[in-house]
Structures are given as structure tokens and as C-alpha cells.
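Remember, predicted model here, so these are calculated numbers, not experimental data.
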Amino acid sequence: MRASNHLIGALNFLTFLLSIPILGGGIWLSSRATTTDCLRFLQWPLIVIGISIMVVSLAGFAGACYRNTFLMRLYLLVMFVVIAVLIGFIIFAYVVTDKGSGRALVNRAYLDYYLQDYSGWLEERVASNTYWPKISACVRDSKVCGRMGRSINSVPETAEMFYLRTLSPIQSGCCKPPTECGYIYQNETVWSMGSSGAMGTNPDCTRWSNDQEMLCYACDSCKAGVLASLKKSWRKVSVINVVVMIILVIVYIIAYAAFRNNRKMDNDESYGEARMTKARPTGIHI
């Protein structure tokens, strides 16, 4: 029984350690929510799940050390719920980030992004009039476009050099006009219409502005860029979550088996003591 308690304690310590990458992933998403992705509600489920696993693991560890049956049962019940919630969250993250990707361009290293390539709950939330003003203000305040400028030996990069750059989804969608509009490169965030003045049929062509406070923050391409950035961030975190979830399930099964074995040994021990008492009575009856 002592070995089983040690095993359960070790497993709870392992689950405590596994809560760290989940909590770290939530904190990482939270940091990106204020500087890059600008969507501030998606990181909280991960943070809550990570803290829950951490607290429940400590309860299970205490229950194993002090042979507290109530704490062990509470640990098994709550951990089952937490694992189920984590699985549901992983499935949700994959579903809402399943659609959409950038489009490759001729003679360009970067991609262009189109809102119509995305759909579903996340697209509706990002593109809504309720959330987009806040998201676009966050993107503008992050100065992501202002940091695009490059120079070589104090000489600004040329159009050919810019076209060979690999831009982030937000840089491509929010900091320059869509390629199909036919604007002519002046610098990273200044583009001219050219002598013909012709533009494409994309509504974003008229939304573009060389005003550094406006750029393409009102464009659908900017919304698509934010969605693509979210997808990239969430897929990175989801890989970690899947690995942690698999380990958690294995640890939970082992802990449950050890707890059942403990209970069985306790019952057998009580049964043996009762039989010994009957076999060797303490008093002499006359």
C-alpha cells in the first residue's frame, strides 16, 4: 500500500509539472493578445485549465501523502472533468481555426490574405462591428507596421528587395494594399496609384491610405491577416496541448488503478484483521 501511495504521489507531481506548459501557452497567447494577435478572450480557457490542473494535482499529492480518501476521490473526479474540458477545448481550437490560409503571389515571397477564405465562429467574431474597432486599434497601437522599415547601408530597401521579404499575416494584410490593386511601391507603408490610376475591383483598393494612422486597418485583408495570425498561434499551442493531454490521460488511468488497488488492499487488510480477531479471542468465556 505504501508503494501505491508513493506511485500516486509521483503521478500527481507529474501532472503538476504538466500544468506548466498549458499555463505557459495561455500566458504566451495572452502576451500576443496585447501585442500581435489582438484578440483578448481566447487565452483565458487555457489559463484556467492550467491553474485547475495545478491545484487539483496538489490536492491529489496531499491525499496520497496523508492517505486521505476524500482528497483522492476529489482529485480523480475533478481531474476527469478537467481532462474532458481540455479535450473539448482542443477540438474547439482546431474547428475554429480550420479554414483559411494565405494566397501565393507571382514574384512575391509574401502571401496575400482574403477574408472570404475564412468562415465560421472566429471569422464572424473578428469581423464584427463590435470587436473589429478594438482589434484594429490594437494592431495600430502595436506599431507592427512602423517596424517594417529596413535600410541597407542607410539606403532604404528597394521594391525588389521588399517583394522578396516574408511578411507576417498582419504585416501583409494591414500594412500594405492588396497586390491585385496595382499600387506602386514607394516604401514599406507608402504606395502610389501610378500614372494610370487604375485599381482592381477589390473594395480594399479604395480603403488603403498612406496616412500612417489608417493604412489598411479598415481593410478586409487586415481582418484576414489577424485570423491567419491567430490560426498560426493557436496551432502552435494546440500541438503542446495534444501532447500534454495524452500524457494526462495515461497518468490518470495509472493513478485510478493505483487508487483502486489501495482501496482493495485496505479492504483486504480490514477483512484479515477481523478474521484474526475471531480466530484468537481476547477473553476466556466461562
message = Using 0.5 Å steps for rounding, measure from the CE atom of Met245 to the CG atom of Leu18.
response = 12.5 Å

ask   = Does one hydrophobic cluster hold both Ile253 and Leu77, with members joined at side-chain heavy-atom distances below 4.5 Å?
value = no

inquiry  = Quick check for you: to the nearest 0.5 Å, what is the distance between Ile250 atom CD1 and Ile254 atom CD1?
reply    = 7.0 Å

message = Using side-chain heavy atoms (C-beta onward) and a distance below 4.5 Å, is Met148 in contact with Phe162?
response = yes

task = Check whether any side-chain heavy atom of Leu58 lies under 4.5 Å from a side-chain heavy atom of Phe16, and answer yes or no.
result = yes

Salt-bridge contact Arg207-Asp220 (side-chain N to carboxylate O under 4.0 Å) = yes

ask   = Would one find more than 12 heavy atoms of other residues, nucleotides or ligands at under 6.0 Å from atom CE of Met214?
value = no

inquiry  = With a sphere of 6.0 Å drawn around CG of Asn107, does it hold more than 12 non-hydrogen atoms of other residues, nucleotides or ligands?
reply    = no

Residue Tyr94 excluded, over 12 heavy atoms near OH under 6.0 Å = yes

query = What heavy-atom pair brings Tyr113 and Gly225 nearest, and what distance separates the two atoms?
reply = CB-N, 4.1 Å

query = Between Cys174 and Cys222, is the SG-SG gap less than 2.5 Å?
reply = yes

request  = Answer yes if Tyr75 and Val81 sit in the same cluster of Ile, Leu, Val, Met, Phe, Trp and Tyr residues linked by side chain heavy atoms under 4.5 Å apart, and no otherwise.
outcome  = yes

ask   = Are any non-hydrogen side-chain atoms of Trp132 and Val226 less than 4.5 angstrom apart?
value = yes

ask   = Side chain of Ser233, backbone of Leu230: donor and acceptor closer than 3.5 Å?
value = no

task = Report the C-alpha distance between Asp98 and Val95 in whole Å, list the side-chain angles of each, state the deciding distance to 0.1 Å, and finish with yes or no for side chain to side chain contact (heavy atoms under 4.5 Å, CB included).
result = CA-CA 5 Å; Asp98 179 56; Val95 169; 5.7 Å; no

query = So if you build clusters from Ile, Leu, Val, Met, Phe, Trp, Tyr with side-chain heavy-atom gaps below 4.5 Å, do Ile91 and Ile247 land together?
reply = yes

remark   = In this structure, CG of Leu167 is separated from SG of Cys145 (nearest 0.5 Å) by 10.0 Å

Residue pair Thr189 / Trp191: nearest heavy atoms and the distance that separates them = C-CD1, 4.0 Å

query = When rounded to the nearest 0.5 angstrom, what distance separates CG in Leu248 from CG in Leu14?
reply = 8.0 Å

query = Are side-chain N/O atoms of Arg235 and Thr97 paired as donor and acceptor at under 3.5 Å?
reply = yes

message = For a quick check under 3.5 Å, do Arg140 and Tyr217 share a side-chain donor-acceptor pair by atom type?
response = no

task = With side chain to side chain contact (heavy atoms under 4.5 Å, CB included) as the test, would you mind laying out the steps for Asn187 and Val190 before giving the verdict?
result = CA-CA 5 Å; Asn187 64 39; Val190 176; 3.3 Å; yes

inquiry  = Within the 4.5 Å heavy-atom criterion, are Tyr256 and Leu76 side-chain neighbours or not?
reply    = yes

query = Between the side chain of Ser172 and the main-chain N/O of Ser168, is any donor-acceptor distance below 3.5 Å?
reply = no

ask   = Is it true that a side-chain atom of Asp204 and a backbone atom of Ser221 form a donor plus acceptor pair closer than 3.5 Å?
value = yes

OH (Tyr252) with more than 12 external heavy atoms under 6.0 Å = yes

request  = Hey, could you give me the CE/CG distance between Met79 and Leu74, rounded to the nearest 0.5 Å?
outcome  = 10.5 Å

query = With no hydrogens and no angle check, is any side-chain donor or acceptor of Glu124 less than 3.5 Å from a backbone partner on Trp121?
reply = no

Within-4.5 Å side-chain heavy-atom neighbours: Ile240 and Ile22 = no

key: Any donor-acceptor N/O pair, Arg147 side chain to Ser142 backbone, under 3.5 Å   = yes

query = When you measure from the side chain of Tyr110 to the backbone N and O of Leu105, does any donor-acceptor pair fall under 3.5 Å?
reply = no

request  = State yes or no: do Val55 and Ile20 share one hydrophobic cluster built from I, L, V, M, F, W and Y residues joined by side-chain heavy-atom distances below 4.5 Å, directly or via other members?
outcome  = yes

request  = Salt-bridge test for Lys176 and Glu188: reply yes if a basic N is under 4.0 Å from a carboxylate O, no otherwise.
outcome  = no

query = Looking only at heavy atoms, which two atoms of Leu111 and Ala104 are closest? And how far apart?
reply = CD2-CA, 3.6 Å

request  = Compare all side-chain heavy atoms of Tyr118 with those of Lys99 and state whether any distance is below 4.5 angstrom.
outcome  = no

remark   = On a heavy-atom basis, the closest approach of Ala224 and Leu115 is CB-N, 3.6 Å

inquiry  = Are Val56 and Thr15 packed together at the side-chain level, in the sense that at least one heavy-atom pair is separated by less than 4.5 angstrom?
reply    = no

message = Under 6.0 Å from the ring centre and within 45 degrees of the ring axis: does the NZ or CZ of Arg103 meet both conditions for the six-membered ring of Tyr114?
response = yes

ask   = Just wondering, do Phe92 and Val96 contact through their side chains at under 4.5 Å, heavy atoms?
value = yes

query = Side-chain heavy atoms under 4.5 angstrom apart, residues restricted to Ile, Leu, Val, Met, Phe, Trp, Tyr: same cluster for Val48 and Met54?
reply = no

query = So Val106 and Arg108, side chain to side chain contact (heavy atoms under 4.5 Å, CB included) or not? Walk me through it.
reply = CA-CA 5 Å; Val106 179; Arg108 302 288 191 275; over 6 Å; no

query = Hey, what do you get for OH (Tyr185) to OG1 (Thr179), rounding to the nearest 0.5 Å?
reply = 13.5 Å

task = Going by the side chain to side chain contact (heavy atoms under 4.5 Å, CB included) test, name the single residue among Arg125, Glu123, Lys232 that passes it with Leu227.
result = Glu123

request  = Quick one: do Val126 and Tyr131 satisfy side chain to side chain contact (heavy atoms under 4.5 Å, CB included)? Show the steps, please.
outcome  = CA-CA 6 Å; Val126 168; Tyr131 285 96; over 6 Å; no

ask   = Do we see a donor-acceptor contact under 3.5 Å between the side chains of Glu157 and Ser151?
value = no

ask   = With a 2.5 Å cut-off on the SG atoms, do Cys175 and Cys216 make it?
value = no

